[in-house]
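Encoded as structure tokens, the structure appears first; notes follow it.
Side chains included, hydrogens not; waters and symmetry mates left out as well; all remaining heavy atoms used. Here is how names work: the chains are called A, B, and so on, in the same order as the sequence lines, proteins then strands, and each is numbered from 1.
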Amino acid sequence: MRQRTEFIQGNETCVRAALYAGLDFFAGYPITPSSEITEHMAAHLPRIGGSFLQMEDEISSLCSIIGASLTGHKVMTATSGPGFSLMQEALGFAVMTEIPCVIADVQRGGPSTGLPTHGSQGDVYQARWGTQGDHAIISLTASNHQDLFAMTVEAFNMAETFRTPVVLLLDEITGHMREPLTLPREGEIPVIERLRTSVPEGVDYHPYLPREDGRLPMSDFGGKHRYNVTGLYHDMWGFPTTDPKVIHGLIHHLMDKIENHAHEITRYREYYLDDAHTVLISYGCSARTALHVVTSRRRRGEKLGLLEIQSLWPFPAELVRAKCEHAHYILVVEMNMGQVVHEVKKAVQDPERVYLANRVDGEFITPTDVRNIMRLVHGRGV
Amino acid sequence: MRQRTEFIQGNETCVRAALYAGLDFFAGYPITPSSEITEHMAAHLPRIGGSFLQMEDEISSLCSIIGASLTGHKVMTATSGPGFSLMQEALGFAVMTEIPCVIADVQRGGPSTGLPTHGSQGDVYQARWGTQGDHAIISLTASNHQDLFAMTVEAFNMAETFRTPVVLLLDEITGHMREPLTLPREGEIPVIERLRTSVPEGVDYHPYLPREDGRLPMSDFGGKHRYNVTGLYHDMWGFPTTDPKVIHGLIHHLMDKIENHAHEITRYREYYLDDAHTVLISYGCSARTALHVVTSRRRRGEKLGLLEIQSLWPFPAELVRAKCEHAHYILVVEMNMGQVVHEVKKAVQDPERVYLANRVDGEFITPTDVRNIMRLVHGRGV
Amino acid sequence: MEKPKVKEHHIKRSWCKGCGICVSLCPKGVLELNEEHKAVPANASQCVGCRTCERMCPDLAIAIELEQEHETTD
Amino acid sequence: MEKPKVKEHHIKRSWCKGCGICVSLCPKGVLELNEEHKAVPANASQCVGCRTCERMCPDLAIAIELEQEHETTD
Amino acid sequence: MSRHRLIFAGAGGQGVITAAIILAETAVHFEGQNAVQSQSYGAAARGGISRSDVILSDAPIHFPKVTQPNTLICLTQEAYNSFNTIIRPGGLLIADTHHVTLQTRAEARIFHLPLYDTVVQEIGNPVVFNICLLGALQALTGLVRLDSLQQTLAQRVPSRYLEMNEKALQLGAQLGEQAEVQKP
Amino acid sequence: MSRHRLIFAGAGGQGVITAAIILAETAVHFEGQNAVQSQSYGAAARGGISRSDVILSDAPIHFPKVTQPNTLICLTQEAYNSFNTIIRPGGLLIADTHHVTLQTRAEARIFHLPLYDTVVQEIGNPVVFNICLLGALQALTGLVRLDSLQQTLAQRVPSRYLEMNEKALQLGAQLGEQAEVQKP
Amino acid sequence: MAIDQYLRKRFFPHIWCAGCGHGIVLNNMLRAVDQLQINQNEMVMVSGIGCSSRISGYVDFHSLHTLHGRALAFATGVKMSQPNLTVICPMGDGDALAIGGNHFIHACRRNMDLTAIVMNNRIYGMTGGQFSPLSGTGITATTSPQKTIDREFDIISLSLASGATFVARTTAYHYKEITNYIKEALQHPGFSVVEILSQCPTHFGRRNKQGDATEMLQRYRQNTTSIGSEAKQKNPELIERGIFRQETAPEYCAEYAELINRAQQS
Amino acid sequence: MAIDQYLRKRFFPHIWCAGCGHGIVLNNMLRAVDQLQINQNEMVMVSGIGCSSRISGYVDFHSLHTLHGRALAFATGVKMSQPNLTVICPMGDGDALAIGGNHFIHACRRNMDLTAIVMNNRIYGMTGGQFSPLSGTGITATTSPQKTIDREFDIISLSLASGATFVARTTAYHYKEITNYIKEALQHPGFSVVEILSQCPTHFGRRNKQGDATEMLQRYRQNTTSIGSEAKQKNPELIERGIFRQETAPEYCAEYAELINRAQQS
Ligand SMILES: Cc1ncc(C[n+]2csc(CCOP(=O)(O)OP(=O)(O)O)c2C)c(N)n1
Ligand SMILES: Cc1ncc(C[n+]2csc(CCOP(=O)(O)OP(=O)(O)O)c2C)c(N)n1
Ligand code: SF4
Ligand code: SF4
Ligand code: SF4
Ligand code: SF4
Ligand code: SF4
Ligand code: SF4
Ligand SMILES: [Mg+2]
Ligand SMILES: [Mg+2]
């Protein structure tokens, strides 16, 4: 059978992918430019018998999906900057209680209300550090619909694998843009189901005791194991504790289960990196512009390459270091005042090689913008 | 006259300093371990004819003080981690609208509800990146009551000077601890008053047009100039715009007015740095432990020094680089999984010299903890 | 109260969005939309100065000027 | 309904915080606080098995056992 | 590698964005082309210029915005005034006679077509103005086949409106075929 | 440099934290000493051990917590059980007879005083138990002068309760003066 | 025009759609201000985010365009810090009662002298027509293709129950009432709520087959009646218009002034 | 004891102060569960943060101890995703009606089959005795040394106005009513609110000279009366206890199930 090709927005792509991944519970509060996710969920979910809730705000949206995840469902909410800020407290709760969920932040111009209908990539650091206290987080992004589909499915997979919230960082450009999407067949992208405990009824179940492989099998609320879930530091049964040893163990577990598996989480695409003198590093919508520049310059024989990062957090520092080893220049292309560029500088030897090509006036960064910076950069060194 | 010495908690010290700085409007919502700030405000403010509001939550607390600042008052709110997360949206609004205000975050163990009654320094990055979108922020801290008094006054001064929210990052330890505080005499610490416009009534006033020195004189709501304030990108009159040039200008202004004045904002203390082979870098409560180690080891003749950072954001990278130039080892002492240590690594040449001494189990980091790490570190290199 | 004399219908063309509310709600059929979808006082003489159009215009595009202007109090 | 016979006052000493509620609200003055501030059935024989103490104890420290236990329905 | 870049510009409610989507979708679904469609939003969802960019190509399309269109479609004066200078030299301009008055300009092939008036006159319902435009665009550019557009319409349009839409498409195609380049 | 580290431990409601504050405040306000007082909170504000650390010194005090106290004060059995092992060798332990049963232990100078019983007997109000403790502590350590403590009380205590407090302080001082080290 | 002096004319024509009820509210609100002759320098308008909230950009007062749902929280700070100012807060139904519901009920409870105008179009206009907590059941919106099952709030009952001391309702059709109720509300020394049913032809009207703006306005005429009217008795479905409560109770800023007195005397 | 099976005994004695009313609520709530013979595996307790919210740690149900004010939001997700579960949400007055007020009124409006128990001690117990929106005026708290000027909510009126379909009030003194009303509430097919006045001797009682726990309980006896009693007519100051509303209305999960049917048929 010929595979279906859809010509839809990125926001709808995200919805299709979430359903493919097994989502059957969504709650949200509309906000530009993420509202289409909420709207398509409202249309699709009842048809498959799933639940759609429009809540009173973003706080309750995230809280309610966390509640639904506990009963064994795959869940998601979607929002944009201002709503993402409001979700920070509950995001930390999901981190602490290790409850799988996916939060899509379709970025728009910030800070504050900013530029609701214009694209931006200003929430990268917020995704990492927005909630209080130490924590680790997984955040994925993509630059085209086919990848967006895959990354959305991956977001659900990683949420289950690592029992953690995953932030899907989209942006207004890809969210609203339409381009062809070939719908993957069932099974084409692996879908990871929740790992449920095999502990039988009546036997002591430890919701917060990692197995040897680091994973923590879950038991659905309403099922045979009754346990406690709290945002306080807790022991392996989920009950509050102030025992320093347990606290030390828990915070290290929360960090390590993600940071130590960074290599499993790392997702990227590379273009012409083998012999690139100048390496562009980009992600999300601006990777489209970067790729445009790289492909057009390659045709002229210039040794340009692109590393497109799809897993922003944990930041794939080793990957970046390895791919940039032989680069004379490294140019980070992003639509903000410089966020990923700082991580790249930390990652590589000789951070002086690293430059930023950005645009922050609400307009989409153009190939010309990138080329202009490149001219400046090359002018310096060559 | 002999100056009064008080023996009070850090939280109360903060209240006394705020009043010294001219605060006369406070709104808050109780949360451990910041509640004493709110409680002392409730006791003090009516006596001086100032306003105290206990609001329905942290969101409205911050919103209401922003409103009060617009009418010409010096304002503050106080909270801890979970409440600070909830304030992120309105914090971004204050950044965007350039409204002076001070937000005290008395840190407790995170993430999530975490450890409400235990000290931590886990919100350093959140203070920088918690709200959506690009922005700059000023954040101050202190390790003892005398400095806390000064830094609180400075927080108000900087809020006025730079027309910006300032985050005062305290912690449970210093907030709850009592030690002597010599109350500064009137005038002993300079107090900066709001810069008000001299534009006469009837003449076009531009609330968002910086003067040549970068400062933006304000006009009180209720005064003779009527203008608009919005969290959207806006022009020099405060009206919404999507003009790319204006947007570009505004975001750069918001960043530059702070980042380019980092040297004016930088506050620190140094101890025995001149000939130090091992430089400890610390801040807030953990700087007390670091100082304890440094002074006791100096007595034994060991070449230890301490750089205590009081202005966390903008991060004083140049200062750190300069002070660490000749250090063989740099040890960052903090009560989190490593936050400032990353900034130090970015700041210095040879980041391999930088080590972390931390504690994250709810207990206060001890001199023994630091000495143990130091032993490891020195063992490696020496 | 005697019927006030209407001096002029001020209609800001650039503000009018042609919603037709004034046209429909004018009790005297005074107003019409022209081919550019802007309100015009086609039958100005019929106007009784009730100001319904002025008060119901969502675009604040209409002002009725009476011969002797007196304050409306309602 | 005949007066039920009370078999035993189970009072968990380690749970009792000595708030005195049971002492004050027992209609028959059955209970007292001992010198350790724990409730004890000083006049057990007076007990009419009304269970007020059991139901009003904020620490869930009291259980009244009747001779023939029947379900309370209220 | 062939690549054609279009800008559809008009006012909200004229259906310019729908027209852009139909074109792009047709290219993808029925002609094996690649396409990207995007749009820009004003401060609010209402008022101001409504603009949609379409790129058609037989190769991957990375940068999705159009800076210099091969074809520019202007359905309001405001749109025309804003964009007529960015058209690629030698490009195509389609403007509606009812809404747009042309200024002198030479570098483009200009078609000033009575799309709106024709629709109102022949069909009596301006709602299919945008479909009429698509017909003309098809005739003038051949970017997609007319029957492909018809297939897309058949999929998207509720059956009771299909006839009206097809008629508008035909009307547009005729206007396009008969059109002559405007002498500036 | 002289430095004295104390831990006050008991249960919520016994006033151990207030006692610690009064001691430290007295040292600062009336004896020109430096002092730091801190306390640790349980999971909630209620229940569990109530603990306060005080350090007195003539030099700056950086690290504010006490790990090995020179003087340990235990007003409940739970507090005694938790902390009696961390006392500095040769340090001082003050425990209340009513609340604490001692276990065998040799490294400290141990004073087992009937503070609570004396207060209840002589004053009839256990609320000043903590003040009585301060009197005994003063007598046993001389860390601050008795009249300095009285001055602090005069400042902090509402006048109608002052007499009762002063009496408790005196009672404690007497108990302390007459006390003998406990033979383990 | 009498109200021209209150307009920031350079921003006209405004961004609202043709026939949007919000413009009628603006129109007749300004007449209230005009009739009360309030000094513009003493008027502050605080709004949140939404089509309705854009109103603050068009009035020549001190204007504060804040965050979605938070207008009353900001306004509380403005008023408390400068009680001589007249503070008016126009809000959308979503703004006031979805995300902003908590600030709304607490403002009612506190009884600070603020005036809240809820421009209730039963839809999220600004974000493109999702249903709101005022939509009620059986409504089609972009997030309810199968029609809503969410029940609606009654703004009047909620305001009354939370303690607002002036509570009124009218519609965009009843322009004289708009002016009158807002006049009363502005003069009322305490927290006042004026609910104004305001048509959104673009989203609510179109999706729910309610016709154009004029038809929607006519519907307000037909579906509403004065409080306690005979019509209401005959047809209980009718929505009542009028002043539901107008009571004096201790005003927050005044009470706080007394608290200061007490504190300074003790 | 009959209710032992519902307790997590290893955590006793609990953290509440001696004489805290919250313990009485726990005590008599469990009797309701016991009498209804609800399978513990089908009971979920969702709480926020506060002394009251600590209750979820003591019951042997599925228990979810969440964020301050957000219990009902989490509970909405639990119930909507698994409607066969019985979901009970004990909340503090601050938790339910200060920071959590918005979720409270929206839960009332939605009428999802959840049971909210408001343990109203008129104070923020957990954080050390600051006043709450239920304190009312003239109350001394750590944040009102000059006594409160903030007026209080009436939880019953607010619940009724926001649409709750079962609404009842009693006090910690009236233990039989606690059990009975919670029983009714748990059986009610829709959103139910049970307000229980619960003494906090540590903060509210002590600062407001209300004596010890027993005295506070006696006060509940004296200051309250049954709905519509003669006593109330004589003394309107008395607080009414009883069931204020018990109505059936479309329940949210049931309505959603129908919506799914509609969607799958179309
Ligand atoms: C925190 C946050 N969440 C969501 C939004 C998106 N948003 C803007 S306005 C609005 C609702 C508008 O509806 P309403 O308040 O009824 O006003 P209307 O546009 O209908 O006048 C929403 C959901 C936002 N700006 N901020
Ligand atoms: C976001 C947030 N804000 C504030 C707090 C602090 N806090 C914890 S419980 C509480 C109030 C407790 O009062 P109430 O809800 O009435 O419960 P009670 O303790 O009286 O039973 C507060 C303010 C918090 N944990 N989280
Ligand atoms: S009501 Fe106003 S906008 Fe509408 S047609 Fe009349 S003048 Fe034009
Ligand atoms: S004033 Fe009255 S009669 Fe005259 S045009 Fe307007 S609505 Fe018609
Ligand atoms: S009521 Fe319970 S806790 Fe209180 S004294 Fe009696 S048994 Fe003890
Ligand atoms: S059962 Fe009744 S009579 Fe017996 S001890 Fe308890 S309260 Fe007293
Ligand atoms: S979308 Fe609705 S509410 Fe918004 S301006 Fe248009 S008609 Fe008015
Ligand atoms: S502080 Fe109050 S509410 Fe909290 S446990 Fe103690 S008595 Fe109960
Ligand atoms: Mg609305
Ligand atoms: Mg309470």
May I ask you to test the [X]-[Y] pair for a side-chain heavy-atom distance under 4.5 Å?
X        : Y        : value
H/Val193 : H/Cys108 : yes
A/Leu183 : A/Glu6   : yes
A/Val191 : A/Phe156 : no
A/Glu36  : A/Val15  : no

Centroid separation H/Phe191 to H/Phe166 less than 6.0 Å: no
Heavy-atom distance under 4.5 Å to chain H: side chain of [X], backbone, both or neither?
X       : answer
A/Met55 : both
A/Ala90 : both
A/Ile48 : backbone

If you tally heavy-atom pairs under 4.5 Å against chain H, which of [options] wins?
options                     : value
A/Gly92, A/Pro46, A/Gly49   : A/Pro46
A/Gly67, A/Gly238, A/Ala27  : A/Gly67
A/Gly231, A/Pro240, A/Gly50 : A/Gly50

Residue pair A/Cys101 / A/Val75: nearest heavy atoms and the distance that separates them: CB-CG2, 3.6 Å
Nearest heavy atoms of A/Val106 and A/Ser34, plus distance in Å: CG2-CB, 3.6 Å
Quick check - list every chain A-chain H donor-acceptor pair under 3.5 angstrom, one line each.
| residue | atom | partner | partner atom | Å |
| --- | --- | --- | --- | --- |
| A/Arg47 | O | H/Gln264 | NE2 | 3.0 |
| A/Gly50 | O | H/Tyr256 | OH | 2.7 |
| A/Phe52 | N | H/Tyr256 | OH | 2.9 |
| A/Glu56 | OE1 | H/Arg110 | NH2 | 2.5 |
| A/Glu56 | OE2 | H/His103 | ND1 | 2.9 |
| A/Thr71 | O | H/Gln82 | NE2 | 3.3 |
| A/Thr71 | OG1 | H/Ser81 | OG | 2.7 |
| A/His73 | NE2 | H/Ser81 | O | 3.0 |
| A/Glu201 | OE2 | H/Asn41 | ND2 | 3.3 |
| A/Gly222 | N | H/His62 | NE2 | 3.0 |
| A/Gly223 | O | H/His62 | NE2 | 3.2 |
| A/His225 | O | H/His62 | ND1 | 3.3 |
| A/Arg226 | NE | H/Asp60 | O | 2.9 |
| A/Arg226 | NE | H/Asp60 | OD1 | 3.1 |
| A/Arg226 | NH1 | H/Asn41 | OD1 | 2.7 |
| A/Arg226 | NH2 | H/Asp60 | OD2 | 3.0 |
| A/Tyr227 | O | H/Arg8 | NH2 | 3.4 |
| A/Tyr227 | O | H/Ser63 | N | 3.1 |
| A/Tyr227 | O | H/Ser63 | OG | 3.3 |
| A/Asn228 | OD1 | H/Ser63 | OG | 2.6 |
| A/Val229 | N | H/Ser63 | O | 2.9 |
| A/Val229 | O | H/His65 | N | 2.7 |
| A/Thr230 | OG1 | H/His65 | ND1 | 2.7 |

Set of salt bridge (charged side-chain N to carboxylate O under 4.0 Å, His left out) partners for A/Arg211, sequence neighbours left out: A/Asp213
A/Thr161 backbone acceptor or donor facing A/Arg215 side chain under 3.5 Å: yes
Side chain, backbone, both or neither of H/Leu85 within contact of chain A (heavy atoms, under 4.5 Å): side chain
